[in-house]
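A note on names: the letters A, B, ... follow the listed sequences, proteins ahead of strands, and every chain is numbered from 1. Here the structure is a predicted model, which means the values were calculated and not measured.
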Amino acid sequence: MMAKKQTKAKHVINREWCKGCGICVHFCPGNVLELDEWFKCFAARPDDCVGCRLCELRCPDFAIQVVVQSKQDQVA
Amino acid sequence: MKNKTAFIQGNEVCARAAIYAGVGFFAGYPITPSTEIAEFMARELPKRQGTFIQMEDEISSLCAVIGASLTGCKAMTATSGPGFSLMQEALGYAVMAEIPCVIVDVQRGGPSTGLPTHVMQGDVCQARWGIHGDHAIVAMTASGNQELFKITVDAFNIAETYRTPVILLLDIPSEGEIEVVERLRTAVKQGVDFHPYLPREDGRLPMSDFGGVHRYNVTGLFHDMWGFPSDDPQVVHGLLRHLADKINNNVDNIARFKEYYLDDADLVLVSYGSSARSALHLVESRRRRGEKYGLLELQTLWPFPHSIVREKCANARYVAVVEMNLGQITKEVKEAVDRPERVYLLNRIDGVYITPTDIRNMLRVIQGRGV
Amino acid sequence: MAYDDYIRKRFFPHIWCPGCGHGIVLNALTRSLDSLGFDKNEMVMVSGIGCSARISGYVDLHSMHTIHGRALAFATGIKLSRPELKLIVPMGDGDALAIGGNHFIHAARRNIDITAIVINNRIYGMTGGQYSPLSGVGVRATTAPYSNIDPAFDVVEMATAAGATFVARTTTYHVREMSKFFQKAILHKGFSVVEVLSQCPTNFGRRNKAGDAVHMMESYKNGTVVAGSADDVPGSGKIRRGVFVEKTAPEYCDEYARIIRVARKGA
C-alpha cells in the first residue's frame, strides 16, 4: 500500500471533558471537526486534517489530543 | 559588684524572644506603637539569614507572612489596632488553612486611629471575634518583660504545635531555659500520598514545606484532607469541628497564667498585661497589712480558660477584674464563676495606665467603704 | 502529552463554563511549563479569588488559593523566603487591579521575580457579571445596567509605569504566542506581567452582544495587531499585542541577598 502525501492524524476526544463550546470546530483550518447531537466534538473529516493541532491548543477543556503519525509510521 | 539593669522596651523584648524562638521571616508596615519590632527585625534578621520586608500595607504584610510560613520558616508580623483591623482577612485565612504564624498587636486606644501613643487593652475581643465565621483562636499577653520573653516563645510554640495563628496582645510600650518547639514535618516519603489536612490521632497535622517533595493545595475555602475545595456537608462539618476542637480541646494545655496568694484569698483580682502589674502591686501591699488579697494573672486570653478561672476564684467572696477597656474579659469571668453577681469591673479607659491607687479607690466603692 | 504531567486530572472536567478563556490559558500554561522542563517541586502557583483563581487547584505544582486580590502578597512571602522557587500568579482583572491593584504596582516596583498573568475578561465572572476596572466605558454589566462610565486601566502601561521589567499582551486566540510569552515571562528574572485578553461568554459576551466564545475569539483575531508590524498604525483602533518591555533591573531577592552579606559582615 502506498503512503498518502497528506498528514495522517487521529483525534482523541475526551467526551467527558468536552463542553461543546465549538471553538475547535470554528477555527479548524481544514474544517475537520463537528459537534454531534450531544454537543461533543468529533472528527467528521479526519483525512482533511493538516496536523496543526490548533484545536488541541485552543481547547479550554483539554478534551482534544491530535496524534499525528509521521510518514514513516504509515509505511511501517 | 554592682547589679546591671538594662531598661528594654517591651517591643524589643518581644522581638528578641521571636529571634530566640527561631523566627525567619518578618513582614510589616510601620505603625505606632509597634514599629520598634519591625526596626529590630530589619536590623537583626539579615544577620541571621532571615528575611525582613516592609510591605505596602498591613493586609499584604500578613499575607506575605503566611506565604513564608508555608515554605517552612517561622514567620511573624507586628502591628497596632488599625493595622490589626486590616489583618483580619488574612488572619481568617491562616485559621482556615491552618498556617502557623504569630501576629503581635501592640494595643493602643481605639476605635480607629484612636490614641496612637497611649495604651489600652481594647483589642481583646477583636482578637477573639475580629474575623468572620466560627473559629477558635489563641491570644496571649504578658505583664512584664521577663514574662513577655517567655510568652512570645510560647506563642511560636503554640502556633507550631496546633498549626494555628497566635495573636500576642501587648500593652507594654515602654530567663532560664525556655523550650522552643520546632515545626512538625511529615515523615511521608516522596511518591507516597501526603494528606496535608488529615489530622493524626492526637489532632496534630504534620506539614510539608512548599518547595519540598509533596505538592498540595492550600485554600481558604472549606477543603478536604487533600486541601481541595469541597462543599460536601460532611467535609464542611468535620473541618469546622476540627478547627474549633484542636484549640478548644486543649484549653488547659494552651492556658498560661500566674497566681499570687490565691490559697486563702477573699478577694481575687483577675488581670492581664500591664494592668496586672498594678494589681500585683496592690495585692502585695494589702497582704503586708494582713488583708487576704490574691491575683490571678492571665497570659492566655483566648481560648478563655474558664475552668481555671472558676477553680481559682471558687473560694473568693469577691472577684474584681482589672482591665483597661469596658470589660471585655469581665464578661468571660462572669461566665466562668459560680456567682457572677460578685464579679466587678475595675477599669480605666482614658489612655492612662491604671495604677494601684486607682484599683484601691474603686475597690473601696465596691466594698461600701466610700469614695 | 504535555498536560498530563502538569494538571490534576482527578478534578476534571473543570468548573469553568463552556468556551471560557481560562481553560485556554491553563492549556497554554501547562504546555509552557512542559517546554521549560522545570522540576515541578520547584514551582509554586499562587492565586487569589475568582474564576481565574481556580487555575491553581488544577495544576500539579505547590498550589495556594488565597484571598481576593492578595495573591501577589502571599507570593512575595514565598519567593523571599525561598528565592530558588519559581512563582506563577494567575489573576483575574478585578483580582489583579481592583482589590489587588496596590499589591500589583508594589510587586512591580520591587521587581521581585514573580510571573503575574492577568487574565483580562473585563468582568467579574464568578459573582455574575459586575464591571471591573478593565471593563471600560460603555460596557454593560449587572452593576452598570445603563452602561459603564468607569474608564479602564491599560494593564501594559500600568505595569510598565510601576516598574515591571517584562510586560507582554496576547489573547486566547493567539495560543502559540501566549505559550511563547509565558515561557519568556517565566524565564525572565524580575517581575513579569503577561496580560491575556480572554473571553467570558457567559457574563460578558451575552450582556454586551459580543456573541459566544467563538465570536469573542474572532474579535481578538481581527481586533488586535502585533505591535511594530506594518498594520500597527496610529488610529487603527486595534489593541496592540506583543512584548512591550523586556529589560534588566536589580531583582528584589538578589538585592536582599546583598543586604544579608552586608549585615553579616558588620555582625
Notebook entry, point to check: Would B:Thr51 and C:Ser81 count as a side-chain hydrogen bond (donor to acceptor under 3.5 Å, both in side chains) if you check the C-alpha gap in whole Å, the side-chain angles of each, and the deciding distance to 0.1 Å?
Noted result: CA-CA 7 Å; B:Thr51 307; C:Ser81 72; over 6 Å; no
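- Smallest separation of non-hydrogen atoms from C:Leu85 and B:Gly211: CD2-CA, 3.5 Å.
- The pair B:Glu89-C:Arg70 meets the salt-bridge criterion, with a side-chain N (NZ, NE, NH1 or NH2) lying under 4.0 Å from an Asp/Glu carboxylate O.
- With respect to chain B, the highest number of heavy-atom pairs below 4.5 Å among C:Arg82, C:Arg54, C:Met45 belongs to C:Arg82.
- The main-chain N or O of B:Glu56 is never found under 3.5 Å from a side-chain atom of C:His103 such that the two would form a donor-acceptor pair.
- Highest contact tally toward chain B, considering only C:Ile105, C:Ile260, C:Ile259, is held by C:Ile260 [criterion: heavy-atom pairs under 4.5 Å].
- Taken to the nearest 0.5 Å, the CG atom of B:Leu62 stands 7.5 Å off from the CD1 atom of C:Ile67.
- B:His223 does not touch chain C: none of its heavy atoms, backbone or side chain, sits under 4.5 Å away.
- Neither the backbone nor the side chain of B:Val65 has a heavy atom closer than 4.5 Å to any heavy atom of chain C.
- Shortest non-hydrogen contact noted between C:Tyr256 and B:Pro46 is OH-CG, 3.5 Å.
- No donor-acceptor pair closer than 3.5 Å links the side chain of B:Tyr216 to the backbone N or O of C:Met64.
- In this structure, C:Ile112 CD1 and B:Ile53 CD1 are separated by 6.0 Å, a value rounded to the nearest 0.5 Å.
- The residue among C:His65, C:Arg8, C:His68 with the most heavy atom pairs within less than 4.5 Å of chain B is C:His65.
- For a residue to count as touching a neighbouring chain, one of its non-hydrogen atoms must lie under 4.5 Å from one of that chain's; by this rule B:Leu221 touches chain C with the side chain only.
- The side-chain heavy atoms of B:Met55 and C:Arg110, taken from C-beta on, include a pair separated by under 4.5 Å.
- Put simply, of C:Lys79, C:Lys40, C:Met43, the one with the most heavy-atom pairs under 4.5 Å next to chain B is C:Lys40.
- For the pair B:Phe228 and C:Arg10, the minimum side-chain heavy-atom distance is below 4.5 Å.
- Residue C:Arg109: no heavy atom, backbone or side chain, is found under 4.5 Å from chain B.
- No donor-acceptor pair under 3.5 Å is formed between the side chain of C:His62 and the backbone N or O of B:Phe210.
- Of the two parts of B:Ala90, the backbone and the side chain both hold a non-hydrogen atom closer than 4.5 Å to a non-hydrogen atom of chain C.
- For the atom pair CG of C:Leu72 and SG of B:Cys63, the computed distance is 10.5 Å after rounding to the nearest 0.5 Å.
- Of the atoms belonging to C:Leu80, heavy atoms from both backbone and side chain fall under 4.5 Å from chain B.
- Residues C:Ser63 and B:Asn217 approach most closely at OG-OD1, 2.6 Å, considering heavy atoms.
- Using a cutoff of 4.0 Å between basic side-chain nitrogens and carboxylate oxygens, B:Arg215 and C:Glu42 are not scored as salt-bridged.
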